[in-house]
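Accompanying notes for the structure given below.
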Amino acid sequence: VEELRFADFFKLPVGPEGLEVTPKLRALDGKRVRVLGYMVREDLTPCNSCPIIQTKGRRPAPAWMSLTVAGRMMLTAAPASVSHAHYGLADDLPPQTVFVTVPDKFGELVPYTSGPMLLTGVLSVGSKIEPDARASLVRLTLDPPQPIAATTFPVGHPKSTNP
Amino acid sequence: MTARNILTKTIAAALLGCSSIAYGAPEITRLTPPSALFTFNDPTPPYIARFLEGQRFDLQCTIKPDAGQTITSVSFSVDGKALPQPVALAPATVPAAIGSTVATLRAFSASTSGVQTFTATARQSDGQTITATGNFEVIGIKNPRKGGATNIIVMIGDGLGASHRTAARIVSRGVELGKASGLLAMDTFPVTGQIMTASLNSIITDSSPGAACYATGNKSNNNQQGVFPDDTLDKFDNPRVELIGEMLARLQGRSLGIVTTSDVFDATPGSFGTHSQDRGAGTGICDQYLDETVANGGLTVLLGGGRKWFLPQGTPGSARNNSNDYVLPQELASGWSVAPGALDPQRDLISDFKAAGFTYAADGSALQAVNDSTTKLLGLFALSNMNVALDKINGRRGNSSVVNDYGFPNQPMLDEMTDKALQVLSKNKNGFVLMVEGASIDKQAHNMDSERWILDTIEFDRAVARAKAFAESRGDTLVIVTADHECGGAVIIGASQVTDASLQNRAAAGGGVTALRNQVVGTYESAGFPLYTSAPDGYPTTMDVDRKMLIGYGGNADRYEDWRTSDRPAHDAQQPFDSFAPLSTYPRINAQDANGMNATRPIRDQQGNFLITGQVPGSTAVHTGGDIPLSALGYGAIEFTGTYDNTDVFFRAMSLAFDGKHKK
């Protein structure tokens, strides 16, 4: 398993147009990696002034609910939050955001978990439009869930039993 | 309109409202352009909306029908004469007006001057009709095709109040024995005015209506630019007012330049080239620059930060997305003869500008390389806001890594950008309008970072000097230097009574109120005359001189103060590397900035343990409502003396653009 570091995503200084991916990140495409970061907190607080979408056969819902994606979470280098109701997609999420697919959460929202988390899975690098219309560059498909007893955490990790 | 008159009219309006409910009649709840005649039934001056003869604007009303009824038709008339233009009907979508209908007549213009009444008449499905009347004033143009001021340069120091100017003068020129040792460039302008800044919905404006008034001659609600408020959620369908650049391009073939140190989508630049009720709608605002302002508004120079809106979605660093892009209603696009827009987050806007003939500069070197044959210029020197002057200068001096940390080590200064803008714009013999903004005077006053806004004011003044030199070399150019509002309630409270070394020791020891206020702040004669020196680059050698000038804030949020220059600016959430080291270690201003990772940032100057409790909540200082200074130079500058409303600046400048009564 190779280490994925957020700080290694883009070259500095910035070139004449967009951010440029480093060879180091490019080389991890398709590899199994481990990354330490924070789950983005997606604010789902109702908004009284938001437009409502009426979908046949479903209860009316605020339009921004379409921005939440089942089975997906976003991971950033430091704690971050987004308010779909207030900013839609016009938030301040950094370009170094990893879009994480959580295999055992297909069809349901990934519950928010605070604090640092170490994730392991297969990395995919390249521009892609996500179901909520966000553009992703770096995606991680988590390893399938393991039985608790078989799970080990590295030394120093918050969930490690080895101090 | 007196307060008593307002009260009387308010009561009358309330009674009228009660009677209309009793009879169940439909009701016109909003009539645009806004007027005291509609709101208070008061026909007397001041007239809220004013337009130039021939300036285009939209008429609109919102009608609330009776339950079970619909609005079937709406017509408008001006001074009793029915207008033949089509009226579009659309449902209101703001929650408070659901069920109402919004009726709009696009791109009207008046051909006669004077106060004019306009009436909206709506018919609902059961045949009942309702009318409402408002008024506006039309200012005549005597000679619309003979130029007076060939060029108009509007220089906006965002947030620049009187004390900001004074502080910059003290630092860059000095004061001895009670007299200024030298003057800022803006001080040398022969004409001074004082500007009232209230917006349409508050005594405290934000930068959108604070700048848009100069471009439209009209008031807007806060956060809105180039438009009047409406009852729809659509960010780009509001009733429009033609902008100064659009009108002078349409009638006289003039060019438009927009230069700023902020992201180019920001409120002040956006107010001179776009129309939106949401100053934050960056994708749509930047698209409109090309789709409308280049196509119809003469835009030939656009310089600043904000590259993130120009990169196609999928390119790392792009911020383009559908939620703040624009598609105009067909009736608006056809009424104003503009492109309808599109939800196109994958648009490559830099390439599209190049295809439209623009030369693109990505950094200071590329800007300097722009040659004399260039006729259209796009410069985007950062993904978001550019770095501030203090950090750019320290970067050039090799004293700071801030610009490197942000990823843009080679950003131009505002005077360099102004020079290139003038070089390109002056190729148009029909003349031009140029807006130059010193954007971070405001942003750093919000941050209560005194040293950074003082250097940004000096940077702005150096750009003013370039505009002044240009105007003095020609005789056909008007230069206006002003602000959109004051920011921070910044005031010069005195000077330190101790050396910088002593300040450092007091802060390191956590001296608190006793060591950092009681024993430091010298007032009245104890302040004396702080002495700064300037380096050959024109900026202060250091801001941390012994017995330095001290700044206080009347609109401050909580802040710790040790009076010394912070080596790093407060963090900027819009920067793409904000959450990564080293930017992740950049300070926050106070404990209230605790969203996400910001809670882990150090609080600026906390070590000194001298907390100044804010009068306002939140993490930044606020705009204030005091009048702001205006300085004018060049063709017809004498027109700008006096105390007057911010919208008057537009009419005085436009009278000079058209009338040509002053001697060149």
Side-chain angles (χ1 to χ4, degrees), chain A residues 5-22 25 37-41 43 47-52 63-64 66-67 76-84 86-97 114 125-130 132-138, chain B residues 93-96 98 233 278 280-283 307-308 310-325 343 345-346 348 350-351 360-363 366 380 382-384 403-410 572-581 584 595-601:
Chain A
R5 292 164 47 88
F6 287 97
D8 293 336
F9 279 22
F10 301 118
K11 297 177 185 174
L12 279 179
V14 178
E17 295 200 358
L19 301 171
E20 297 172 50
V21 174
T22 61
L25 175 61
Y38 294 80
M39 180 177 175
V40 173
R41 188 171 67 84
D43 184 357
C47 162
N48 292 331
S49 61
C50 291
I52 303 295
W64 54 263
S66 64
L67 300 179
T76 50
S81 61
V82 294
S83 171
H84 296 314
H86 286 97
Y87 299 111
L89 299 179
D91 52 47
D92 291 324
L93 275 186
Q96 301 93 334
T97 298
S114 64
V125 179
S127 293
K128 179 188 170 188
I129 304 302
E130 298 289 317
D132 57 356
R134 290 182 188 275
S136 66
L137 175 71
V138 180
Chain B
T93 50
V94 298
I98 293 295
L233 292 168
D278 181 1
T283 307
R307 200 186 299 164
K308 64 185 179 183
F310 292 70
L311 302 170
Q313 188 184 46
T315 298
S318 171
R320 292 184 63 87
N321 62 74
N322 282 340
S323 68
N324 55 30
D325 204 347
L343 299 181
Q346 294 179 37
D348 184 342
I350 292 176
S351 292
Y360 172 59
D363 60 23
L380 301 170
L383 285 172
S384 181
V403 290
N404 296 329
D405 292 347
Y406 276 76
F408 298 93
N410 183 13
D572 176 357
Q574 296 186 48
Q575 300 295 336
F577 293 97
D578 189 50
S579 55
F580 299 91
S584 59
N595 186 33
M597 72 152 296
N598 294 341
T600 67
R601 294 178 184 275

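Quick note on labels: first sequence line is chain A, next is B, and so on, each numbered from 1.
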To check you understand the geometry: which heavy-atom pair defines the closest contact between [X] and [Y], and what is its length?
X	Y	answer
A:Gly18	B:Thr315	CA-CG2, 3.9 Å
A:Glu17	B:Arg307	O-NH1, 2.7 Å
B:Tyr360	A:Pro16	OH-O, 2.7 Å
B:Gly317	A:Pro95	N-CB, 3.9 Å

Can you check whether A:Leu19 reaches B:Leu383 side chain to side chain, under 4.5 Å on heavy atoms?
-> yes

Under the side-chain contact (heavy atoms from CB on, under 4.5 Å) test, residues paired with A:Leu12 that sit two or more places apart | A:Val14, B:Phe577

Which of the residues A:Gly15, A:Ser127, A:Pro79 is involved in the greatest number of heavy-atom pairs with chain B at under 4.5 angstrom?
-> A:Pro79

Where does B:Phe310 contact chain A at under 4.5 Å (heavy atoms): side chain, backbone, both or neither?
-> neither

Residues which pass salt bridge (Lys or Arg N to Asp or Glu O under 4.0 Å) with B:Asp578, listed by chain and number, not counting sequence neighbours = B:Arg601

